[in-house]
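Bear in mind the structure is a predicted one, so any value in this text is a computation, not a measurement.
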Amino acid sequence: MKTYDLVVVGGGHAGCEAALAAARLGHVTALVTINLCEIAKMPCNPAIGGPGKSQLVREIDALGGEMARATDAAMLNVRLLNTSKGPAMRVRRAQTDRVQYKLVWKQVLEQTSGLDLVEGMAEEILTTGGKVAGVRLREGLRLKAKAVVIATGTFLNGQVILGELSYPAGRSGEPPSVGLATSLEELGLEMDRLSTGTTPRVNRHSIDFSGLDRQNTSELPLAFSFWNDPVVLTSDYPVYLTNTNEQTHQIIRDNLHLSPNYNGLIAGKTPRHCPSLESKIVNFPDRDSHKVFLEPEGRETAEIYLQGIYTAFPPEIQEQIVRSITGLEQAHIERYGYDIEYDYIRSGQLRPTLEVSSIPGLFLAGQLNGTTGYEEAAAQGLLAGINAACYVSGGEPLILSRGQAFIGVMIDDLVTKGITEPYRMLPSRAEYRISLREGNADLRLSEIGRAIGLLPENRYEKVLKKVKAKKEILAKLKGQRIGPQHPLNRILAERGSSPLSNNGASLYEILKRSQIHLDDLLPAEQEFADELKCEVEIEAKYAGYLAQQEREIGHLRRLENVRIPPRVDYARLNNLSIEGRELLSHVRPHSFGQAARIPGVSQADLSMLAIYLRR
């Protein structure tokens with residue numbers, strides 16, 4: 001037996017962040033994974049970021065996590081998305097070298113003091129007196145620990161499905177985790193099944209790019225990490241865009257009975273926001289085409305990922321589908337798409353800390369909790385690692401609210417609302433998304449990261465300088481007024497904006513206009529970073545929205561501060577409805593704010609609960 005403070009099971013994005021956070025917080029940690037060569041593997045598309053996901057990555061970075069820095073080190077192509085929706089909605093998305101990404105992560109983990117990497121398969125969660133005591137591995141080794149984080153991705157009773165073929169696997173070519181799934185069930189956890197899929201990969205040399213739309217990397221300097229200098233990449237690894245067509249759709253309609261999504265082979269709930277190609281054809285019969293993005297997988301490989309063609313049709317049908325698409329007429333498929341079905345933990349069994357309610361010291365993160373996506377997994381892993389470390393040391397756990405971070409929105413949704421399909425973080429899920437931008441994640445969360453002990457002092461000092469510079473620029477804008485004789489009036493007229501009246505206006509008021517940018521008003525401040533200038537512009541242009549959301553966040557904060565004792569016996573609160581008692585007993589909310597978000601709990605029940613809490 002080996003003794004650790006903390007053991008993390010699973011070397012995917014969730015496990016890597018969890019283990020790294022725990023070790024950096026001073027706890028002797030073991031990271032157990034089936035294959036050390038596959039740490040931080042990207043089994044699906046080789047990309048990080050996008051709407052909702054970019055916010056998660058930047059929040060991880062602000063708290064002291066590693067995903068953003070690993071992404072920057074492996075970037076092939078990076079672009080800003082949603083540029084037409086205004087500066088507050090812009091997000092970045094990067095194509096990465098999937099092999100380089102893994103190597104970067106492995107190097108970081110291997111060089112972290114107090115962190116041991118252990119190749120093996122976890123078979124059993126060990127407990128003593130109802131609390132976690134460690135993990136037993138298939139290889140016979142027992143790892144004693146005060147806390148355990150399980151982050152097994154799609155490996156629990158994983159089953160790969162391709163056409164009519166089905167075989168046990170955690171990912172294609174890797175063994176599933178059967179013993180650990182049994183151990184979790186024996187501990188009393190309720191399990192269910194989810195399903196997700198991946199796409200065919202084709203050889204780049206077999207593609208005709210001549211008629212396809214090319215998407216080069218951004219001409220603006222970009223980086224995911226707040227602590228890295230933005231760069232402009234070479235355009236050696238573009239993304240190309242093509243489309244399905246009527247021939248593609250007819251092939252799918254003619255062979256729908258061979259799709260595992262429609263022939264009954266898949267029982268698990270499938271993702272609605274990342275659907276299979278065949279479900280898009282069935283659900284949107286009036287659409288004559290769907291986009292297909294050709295994404296490079298790395299510098300040292302010719303594989304191209306066909307983003308948008310998630311399918312598990314038999315290989316011969318995948319060949320027909322791919323070759324019906326413009327540019328792919330002669331494409332050679334190197335890897336066929338497949339679906340994977342796996343166990344996850346039903347909602348209502350976790351605390352907001354991601355600790356299992358019934359088993360002190362056991363924390364869960366990633367797809368095991370019902371999410372899909374690297375970014376969602378990494379964010380949960382970071383929080384699970386932090387809170388497992390706090391559990392070991394007896395410190396206060398970290399719970400982020402919906403008004404603080406996209407991470408808080410995601411975890412609250414999982415714990416409070418539950419899921420009906422694989423959960424993906426979307427901007428629409430966040431009520432305060434204008435306030436919770438990817439560009440201000442450092443301003444929102446770096447103080448928390450520093451207080452926990454994850455964010456180094458030199459990085460926090462950089463944030464303080466940014467805050468100071470932002471305040472100085474805003475003060476200068478608000479303190480300077482100009483009248484109708486000012487040369488800026490000509491610029492306003494040229495851009496179709498109303499001229500200034502005799503009363504004039506402050507530069508801050510003028511910046512609120514959509515046609516005007518900070519460089520127009522304070523050209524001498526151009527040495528400031530683009531991200532800082534963007535934040536100043538957002539502060540002015542969205543002032544009304546931000547003020548309204550700040551009031552709403554303040555109300556949310558007051559509700560969250562009304563704590564509910566953990567041992568409340570809801571069954572004895574006779575003034576609650578039967579349904580209310582059942583729902584509250586199932587979720588066991590930690591605050592009145594969380595209780596108010598439980599689907600099905602009525603306003604009448606909330607009123608009775610408020611009276612009880614006041615007593």
Side-chain angles (χ1 to χ4, degrees), residues 1-23 27-43 102-103 105-128 132-160 167-187 189 191 340 342-343 345 356 359 361-368 377-378 381 384-385 388-389 392:
M1 179 176 285
K2 288 189 174 183
T3 300
Y4 292 93
D5 293 328
L6 198 146
V7 171
V8 177
V9 177
H13 305 273
C16 287
E17 290 285 2
L20 191 62
H27 297 285
V28 182
T29 303
L31 172 59
V32 180
T33 186
I34 295 172
N35 186 347
L36 287 176
C37 294
E38 300 296 355
I39 275 180
K41 181 176 182 177
M42 293 179 164
K102 289 195 303 181
L103 290 175
W105 258 112
K106 192 162 187 286
Q107 288 173 353
V108 169
L109 294 169
E110 288 178 334
Q111 294 167 9
T112 299
S113 177
L115 176 59
D116 288 349
L117 303 186
V118 180
E119 186 168 279
M121 180 178 284
E123 289 272 303
E124 182 184 3
I125 305 298
L126 305 176
T127 60
T128 300
V132 157
V135 174
R136 179 181 62 81
L137 306 188
R138 174 186 59 186
E139 291 73 13
L141 187 65
R142 288 171 177 256
L143 305 180
K144 184 179 178 182
K146 300 172 185 175
V148 172
V149 178
I150 306 294
T152 47
T154 60
F155 279 76
L156 286 188
N157 281 327
Q159 193 81 7
V160 162
Y167 58 90
R171 290 182 298 229
S172 184
E174 298 177 80
S177 179
V178 178
L180 186 59
T182 302
S183 178
L184 290 171
E185 284 189 295
E186 289 175 347
L187 288 172
L189 294 181
M191 319 282 279
I340 185 163
Y342 55 94
D343 287 353
I345 305 301
V356 176
I359 309 171
L362 180 61
F363 295 78
L364 309 181
Q367 288 181 272
L368 178 59
V392 170

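Residues A122 and L137 approach most closely at CA-CD2, 3.8 Å, considering heavy atoms. Residues I39 and C16 approach most closely at CG2-SG, 3.6 Å, considering heavy atoms. Taking both residues in full, the closest heavy atoms of V392 and A147 are given as CG2-CB, 3.7 Å, listed atom of the first, atom of the second, then distance. Nearest heavy atoms, H13 versus K41: NE2-O, 3.2 Å. In this structure, L115 and A23 approach most closely via the heavy-atom pair CB-CB, 3.8 Å. The minimum heavy-atom distance linking A181 with L156 is given by the pair N-CD2, 3.7 Å.
A distance-only check finds no donor-acceptor pair linking the side chain of S183 to the backbone of G179 [under 3.5 Å]. Between the E119 side chain and the L36 main chain, a donor and an acceptor come within less than 3.5 Å of each other. Proximity of a side-chain donor or acceptor of E139 to a complementary backbone N or O of M121 within less than 3.5 Å is detected. At least one donor-acceptor pair closer than 3.5 Å links the side chain of H27 to the backbone N or O of A389. For the pair D5 (side chain) and T29 (backbone), a donor-acceptor distance under 3.5 Å is absent.
Within 6.0 Å of NZ in K102 there are more than 12 heavy atoms belonging to other residues, nucleotides or ligands.
Atoms OG1 and CG, from T154 and L368 in turn, are 11.0 Å apart once rounded to the nearest 0.5 Å. To the nearest 0.5 Å, atom CZ of residue R142 and atom CD of residue E124 are 6.5 Å apart. A distance of 10.5 Å separates CG in L31 from OH in Y4, rounded to the nearest 0.5 Å. Between atom CG of residue N157 and atom CG of residue D343 there is a gap of 4.5 Å, rounded to the nearest 0.5 Å. Once rounded to the nearest 0.5 Å, the distance linking CD of Q159 with OH of Y167 reads 9.5 Å. Atom OG1 of T182 sits about 8.5 Å away from atom CE of M191, to the nearest 0.5 Å.
Under the 4.5 Å side-chain criterion, counting only non-hydrogen atoms from C-beta, F155 is not in contact with L180. Annotation: side chain of V356 is not in contact with side chain of I150 (no heavy-atom distance under 4.5 Å). Side-chain contact between L6 and V8: present, with at least one pair of heavy atoms (C-beta onward) separated by less than 4.5 Å. Between E17 and W105 the shortest side-chain heavy-atom distance falls below 4.5 Å. Contact annotation: the side chain of V9 approaches that of T152 to within less than 4.5 Å [non-hydrogen atoms, C-beta and beyond].
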- Message: side chain to side chain contact (heavy atoms under 4.5 Å, CB included), that's the test. Do I125 and I359 meet it? Break it down for me.
- Response: CA-CA 11 Å; I125 305 298; I359 309 171; 5.9 Å; no
